[in-house]
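Just below is one structure, and these are the notes that go with it.
The chain is numbered in sequence order, starting from 1. As the structure is a prediction and not an experimental result, all values here were calculated from the model.
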Amino acid sequence: MSPFQGRRALVTGGASGIGAACARAFAAAGAHVTVADIDGDAASRVAAEIGGSSWKVDLADTGALADLRLDTDILVNNAGIQHVSPIEEFDPERFSLILRLMLEAPFLLIRAALPGMYERGFGRVINLSSVHGLRASKYKAAYVSAKHGLEGLSKVTALEGGEHGVTSNCIDPGYVRSPLVEKQIADQARLNGIDEDEVLSRVLLAESAVKRLVEPHEVASLALWLAGPDAGMVSGASYTMDGGWSAR
């Protein structure tokens, strides 16, 4: 029997990209997966494909999450957006939105899930961070700030959850082949004064020793391992998947 049989997993931003890859991986391993996404129709389609459930939710509406209680064994905090702009031109509301969605919402979801995890003596919190949780890049003040904060939140969760059978870890990919990355191309070209077809080599992969994008299924495979029985002593860690970027 798969160790994931009878387990429940919740994946935020699960309707596309890394989230959808994680949802498919956990479902294939035997877990019942709830696909949470602001795009309810897309979440329903992925849920129907994998035999799971869908949850249409705007995670940036943090006030609606304050009294939430979640009954899940595995929580994958993946939902995120990007905005590329110099600090002096960065819209304050956009900065606040990104921090709400990518730091406050994970805190509230972890807060909602921990009581049930503690009661069962088992839980896995997997936070999709980024190499930007460890390194900075120009024009990404909100994203880098949120990811650095998520790294700290994950470590605190690990320290508090350890005695209750709960682990918490970050996955830190480089640029992943996903809608989030594709939407950056035009802005990166404009801000760096280059053509769009140069962005991949001159910006996105400039610091990576392995000159390709990360594939979503590669990230999902690491998430699956972190939730499995062989990773019971892995907690408070940050696993880079960045082609050597952070080795510099």
Side-chain angles (χ1 to χ4, degrees), residues 2-4 7-14 17-26 29 31 33-34 36 59 70 72-80 101-118 120-135 143-176 178 214-247:
S2 165
F4 293 97
R7 296 292 190 197
R8 293 152 297 177
L10 171 66
V11 182
T12 69
I18 295 171
C22 288
R24 293 183 179 108
F26 279 105
V33 179
T34 297
L59 294 175
L70 290 176
T72 190
D73 302 296
I74 301 160
L75 172 62
V76 181
N77 283 311
N78 166 72
L101 175 62
M102 294 169 51
L103 182 55
E104 291 184 39
F107 158 72
L108 291 167
L109 294 177
I110 292 169
R111 179 176 180 267
L114 283 181
M117 291 179 175
Y118 287 177
R120 291 184 294 275
F122 176 89
R124 298 288 182 264
V125 177
I126 300 169
N127 298 300
L128 262 298
S129 182
S130 164
V131 66
H132 284 115
L134 308 173
R135 301 286 188 271
Y143 189 89
V144 171
S145 297
K147 293 302 189 183
H148 272 67
L150 186 63
E151 296 278 337
L153 173 63
S154 184
K155 290 178 173 64
V156 173
T157 305
L159 293 177
E160 294 186 12
E163 65 185 281
H164 303 283
V166 175
T167 66
S168 175
N169 294 286
C170 285
I171 300 177
D172 294 28
Y175 287 100
V176 180
S178 67
V214 184
E215 298 296 337
H217 73 84
E218 294 176 304
V219 182
S221 71
L222 181 52
L224 194 67
W225 180 77
L226 285 170
D230 291 335
M233 279 296 290
V234 179
S235 197
S238 298
Y239 276 73
T240 57
M241 186 179 281
D242 60 9
W245 177 346
S246 57

(message) Going by the rule side chain to side chain contact (heavy atoms under 4.5 Å, CB included), which residues pair with Ala146 if we only count those two or more places apart in sequence or in a different chain?
(response) Ile98, Leu99, Met102

(request) Considering non-hydrogen atoms only, spot the tightest contact between Val11 and Cys22 and give its length. (result) CG1-CB, 4.2 Å

(request) Please state whether the rings of Tyr175 and Trp245 are parallel, tilted or perpendicular, taking 30° and 60° as the class boundaries. (result) parallel

(request) Working to the nearest 0.5 Å, report the span between CG of Leu103 and NZ of Lys147. (result) 10.0 Å

(request) Considering non-hydrogen atoms only, spot the tightest contact between Ala220 and Ala25 and give its length. (result) CB-CB, 4.0 Å

(request) Grab the two heavy atoms, one from Ala23 and one from Gly14, that are nearest each other, plus how far apart they are. (result) CB-O, 4.5 Å

(request) Calculate, to the nearest 0.5 Å, the distance between atoms OG1 and CG belonging to Thr12 and Leu101 respectively. (result) 8.0 Å

(request) Find the distance between CG (Leu70) and CE (Met117) and round it off to the nearest 0.5 Å. (result) 8.5 Å

(request) Drop me the distance from Glu215's CD to Ser178's OG, to the nearest 0.5 angstrom. (result) 10.0 Å

(message) To the closest 0.5 Å, what do you measure between OG1 (Thr34) and CZ (Phe26)?
(response) 12.5 Å

(message) Rounded to the nearest 0.5 Å, what separates atom CG in Leu222 from atom CD1 in Ile171?
(response) 4.0 Å

(message) Taking the side chain as everything from C-beta on, heavy atoms only, tell me whether Leu109 gets closer than 4.5 Å to Leu59.
(response) yes

(message) Quick check: closest heavy atoms across Val234 and Trp225, and the distance to 0.1 Å?
(response) CG2-CH2, 3.7 Å

(message) Using the side-chain contact (heavy atoms from CB on, under 4.5 Å) definition, which of the options Leu226, Ile126, Val219, Asp172 pairs with Tyr239?
(response) Leu226

(request) Report yes if the side chains of Thr240 and Val131 come closer than 4.5 Å at any heavy-atom pair, otherwise no. (result) no

(request) Just say parallel, tilted or perpendicular for the rings of Tyr118 and His164, cut-offs at 30° and 60°. (result) parallel

(request) Determine the minimum heavy-atom distance between Val214 and Gly174, stating which atoms define it. (result) CG2-N, 4.1 Å

(message) Would the distance check show the side chain of Arg7 and the main-chain N or O of Ile74 forming a donor-acceptor pair, the cut-off being under 3.5 Å?
(response) no

(message) With a 4.5 Å cut-off on side-chain heavy atoms, are Pro173 and Leu128 touching?
(response) yes

(message) For Ala113 versus Thr72, what's the shortest heavy-atom pair and its separation?
(response) CB-CG2, 4.1 Å

(request) Look only at the side chain of Asn127 and the backbone of Cys170, and say whether a donor-acceptor pair between them is shorter than 3.5 Å. (result) no

(request) May I ask you to decide if Leu150's main-chain N or O and Ser154's side chain share a donor-acceptor pair within less than 3.5 Å? (result) no

(request) Output yes when Glu151 and Lys155 qualify as a salt bridge under the 4.0 Å nitrogen-oxygen rule, no when they do not. (result) yes

(request) May I ask you to test the Asp242-Arg135 pair for a side-chain heavy-atom distance under 4.5 Å? (result) no

(message) List the residues meeting side chain to side chain contact (heavy atoms under 4.5 Å, CB included) with Thr167, not counting sequence neighbours, and say none if there are none.
(response) Arg124, Asn169, Ser235

